[in-house]
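Computed from heavy atoms alone, side chains included, the values below leave out hydrogens, waters and symmetry copies. Numbering of ligands and ligand atoms starts at 1, following listing order.
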Amino acid sequence: ARGPVTPSGVYKAGQPLSFFLTKVHGIENKYNRFCTMDVKDILSPEMGNLTASCQFNYMFEVPWLMKQYPQQFRSKPLLLVHGFKGANKASLEADGAAYSNIRFCQARLDMPYGTHHTKMMFLLYDNGMRVVVHTSNMMEHDWFQKTQGMWISPLFPKLSKPSSTLGESPTGFKRDLLEYVGAYQAYQLKDWKDHIFHHDMSSARVFIVGSCPGRHAGDKKSHFGHMRLRRLLHDHGPEKELVRTWPVLGQYSSVGTLGPAKESWLCTEWLQSLATVKGTSCVPLMTIPLQLIFPTKDDVRTSLEGYPAGGSIPYSIHVARKQPYLHTFLHQWRSEGRGRSRAMPHIKTYGRPSPSGKELAWFLVTSANLSKAAWGAMEKKGSQLMIRSYELGVLFFPKFFEVKGAFRTTSDVDSIGGGVFPLPYDLPVTRYSKGDKPWIWDIAHKELPDTNGNMWCPP
Ligand SMILES: O=C(O)c1c[nH]c2c(-c3ccccc3)cccc2c1=O
């Protein structure tokens, strides 16, 4: 199959990878024709006859969300999984009270500074179930003029009886999804765990990479966060020789406090995980180029949205000031091939591209920004991994898509074919120019006007 084949046989994607970008409004149609989906496409009757759904997310505009469902699905049971507390929780629940089909599940956030970032849809149909793992908040602006990503599962058929072993995929998708959902320890998710038990997920070819709050020790240490990625790269990653000179790539829309020096966490613990190859994590980190993609002030200023795009790129001056070393790794947001150089990134992706960018040893699309809260930080001499937030992503390895060696890549998808990976941005990356500054959301930007002729004067 060439990706999600809807009942009418309409192909919404050109590849079995099922990795899409969201539709960007206001750009040439040709850039929204292949490997793109709008929120209404995902919820369309063409994907299945919906009987219930569950939306895991961070931010919700409830009236807008309800309008994204086709009229005939707006009365179906809808569970919203969030991490809000206090007034924010009350406000969200008040918004939902207007809809008798909406129920809520508040994810427990016991660690300070934790957030429920995970963005996932469970879509239950009369003939099966689909899982969508993505990067967009359930609010209009996130689906309008930004670069966002998603993985849409094949239709998982219903099993004749529930099973934790039947319906397992070569990547352990069903087991790992159940473990992730189980980590919430929430009674409101029991029915959805049962639905997962009841479906055959053997067609899933991606690995789940999740984070959940807690101090993970023993064998659980490699079940979440960057240690989960380290374990998967150790078990299924590229041959050491193949990627010896290949960069590690990180692309994200916000950054946490990573410590006073690159050796504090970024270029030691975190890079050690992402640079892991088949069979070993012992690679000379000094020889591994680290390439980070993060929008410049001018990328935001000249974007389709203008400076307001920066309202979803919350990099604080208080954090930036503490880690000037980070800026030496930064590269511009460039997506000429996908027509998205002016659609600011809210997608988060990580991978191992060849120096030319023509090949890719693995690729992760996730909710996780570049932060210790999301990826975890080792404690107690590396015996436990402390994670603050819920995050979720899916990891693509070539061999699980019948591709020998590395994926061939393209950032120009109008000729997408088997085994070619549709990148969200242009590779090789483009370093910041002299004078380029990273976008910072809580300082004024008044030197030059944005696309709409406005300046940026945060309160
Ligand atoms: O999970 C997500 O997608 C997002 C999570 N937090 C965001 C914030 C924020 C920053 C500091 C404190 C609280 C919220 C601001 C703007 C966009 C986002 C966002 O997009």
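Across K119, Q148, M59, K146, heavy-atom proximity to atom 1 (O) of ligand 1 is greatest for K119. Considering each of S367, S316, P314, S253, the one bringing a non-hydrogen atom nearest atom 15 (C) of ligand 1 is P314.
Of the candidates N137, D142, T36, D142 is the only one forming a side-chain hydrogen bond (donor to acceptor under 3.5 Å, both in side chains) with Q148.
Annotation: atom 4 (C) of ligand 1 to nearest protein heavy atom, Y58 CD2, 3.6 Å.
Of the heavy atoms in I313, none comes closer than 4.0 Å to ligand 1. When non-hydrogen atoms are compared, ligand 1 lies under 4.0 Å from the side chain of W441 (C-beta onward) but not from its backbone.
Ligand 1 does not have S136 within reach: every non-hydrogen atom of the residue lies 4.0 Å or more from it.
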Does L392 form a side-chain contact (heavy atoms from CB on, under 4.5 Å) with Y180? I'd like the steps, not just the answer.
CA-CA 9 Å; L392 192 63; Y180 176 79; 4.2 Å; yes
Self-check item: Candidate pair W362 and Y350, rule side-chain contact (heavy atoms from CB on, under 4.5 Å), full reasoning
Solution: CA-CA 8 Å; W362 55 267; Y350 302 83; 4.2 Å; yes
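At most 12 non-hydrogen atoms from other residues, nucleotides or ligands lie less than 6.0 angstrom from CG of N29.
At least one N or O atom of N137, backbone or side chain, sits closer than 3.5 Å to an N or O atom of ligand 1.
Of the N and O atoms on the side chains of S281 and Q272, not one donor lies less than 3.5 Å from an acceptor on the other residue.
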